[in-house]
Amino acid sequence: MVLLRIMMEKFNYYDKPEGEDPIGKIMGLTKYGILTGGFIAIYDACMYSQCATAAQFFNTAGYWMLPITGMCVTFSAVTYTATNLRKKDDKINYLLGALASGAVMHAWLRQPLFSGWGTFFLVGYALAKKDYKQNCPSKNPILPNIDDVHKNYLLWRNIPYRNYTWKPRWEPGREDYYRNFQ
């Protein structure tokens, strides 16, 4: 428990730029894998498996905690390696990290349906997170500070020929009632 508290206070994934401090990045994501796997393991041990002995509990905890933590370590290691090999900090590094984490998920679950959709959601979340970190430096992703958000980030992306100006459908000076609502 003390080790987890030290990890929570000392390590963060975004303390240093991408491509630097691999141990800090690995430990920064490992803490989330341990916490997520721990909560799922406790829920599974109490509600579904109904473990009677410590050996059964540790077996259940290992089933959940080790692969989820392994996925976090794999993501951070592959993203760090891809950043250093490509010498670029972009979304492709996160894509490669999410695909590698999906491979760990497939080795864990051994069911292509679940691991395929899981990899799809991991890739989507990783790309959205990287896009958010590049375009919206606010600390709170749910309610960002409006001064930190780029001008058009919350609107649709720059779709060609898209006009965002609002044109009223009803013009007060027109006499014809039916022509106002065309």
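Shortest non-hydrogen contact noted between Lys25 and Pro17 is CE-O, 3.4 Å.
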Exercise. Could you walk me through whether Phe75 and Tyr94 pass the ring pair (Phe, Tyr, Trp, His ring centres under 6.0 Å) check?
Worked result: CA-CA 8 Å; Phe75 176 81; Tyr94 274 52; 5.4 Å; yes
Exercise. Between Gln111 and Leu113, is a side chain to side chain contact (heavy atoms under 4.5 Å, CB included) present by the stated rule, with each step listed?
Worked result: CA-CA 6 Å; Gln111 294 180 355; Leu113 181 66; 5.6 Å; no
For this session: Test ring pair (Phe, Tyr, Trp, His ring centres under 6.0 Å) on Phe39 and Trp64 and set out the steps.
Result: CA-CA 9 Å; Phe39 284 126; Trp64 288 105; over 10 Å; no
Exercise. Does the pair Lys88 and Thr83 meet the rule for a side chain to side chain contact (heavy atoms under 4.5 Å, CB included), with working shown?
Worked result: CA-CA 6 Å; Lys88 292 181 183 176; Thr83 304; over 6 Å; no
For this session: Starting from the C-alpha separation in whole Å, work towards a yes-or-no answer on salt bridge (Lys or Arg N to Asp or Glu O under 4.0 Å) for Asp89 and Lys133.
Result: CA-CA 11 Å; Asp89 182 18; Lys133 278 296 185 184; over 6 Å; no
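The shortest distance between side-chain heavy atoms of Pro67 and Met105 does not fall below 4.5 Å.
Pairs engaging residues 4-20 under the salt bridge (charged side-chain N to carboxylate O under 4.0 Å, His left out) rule: Arg5-Glu9 [sequence neighbours left out].
Remark: aromatic rings of Tyr13 and Tyr32 are distant, center separation not under 6.0 Å.
Using a distance-only test at 3.5 Å, with no hydrogens or angles considered, a donor-acceptor pair links the side chain of Ser76 to the main chain of Val73.
Counting only N and O atoms by type, the side chains of Asn84 and Tyr80 include a donor and acceptor under 3.5 Å apart. No donor-acceptor contact under 3.5 angstrom links the side chains of Asn93 and Thr79, judged on distance only. Asp44 and Thr60 share no side-chain donor-acceptor pair at under 3.5 Å.
Thr30 contributes atom OG1, which lies 9.5 Å from atom CZ of Phe11 (distance to the nearest 0.5 angstrom).
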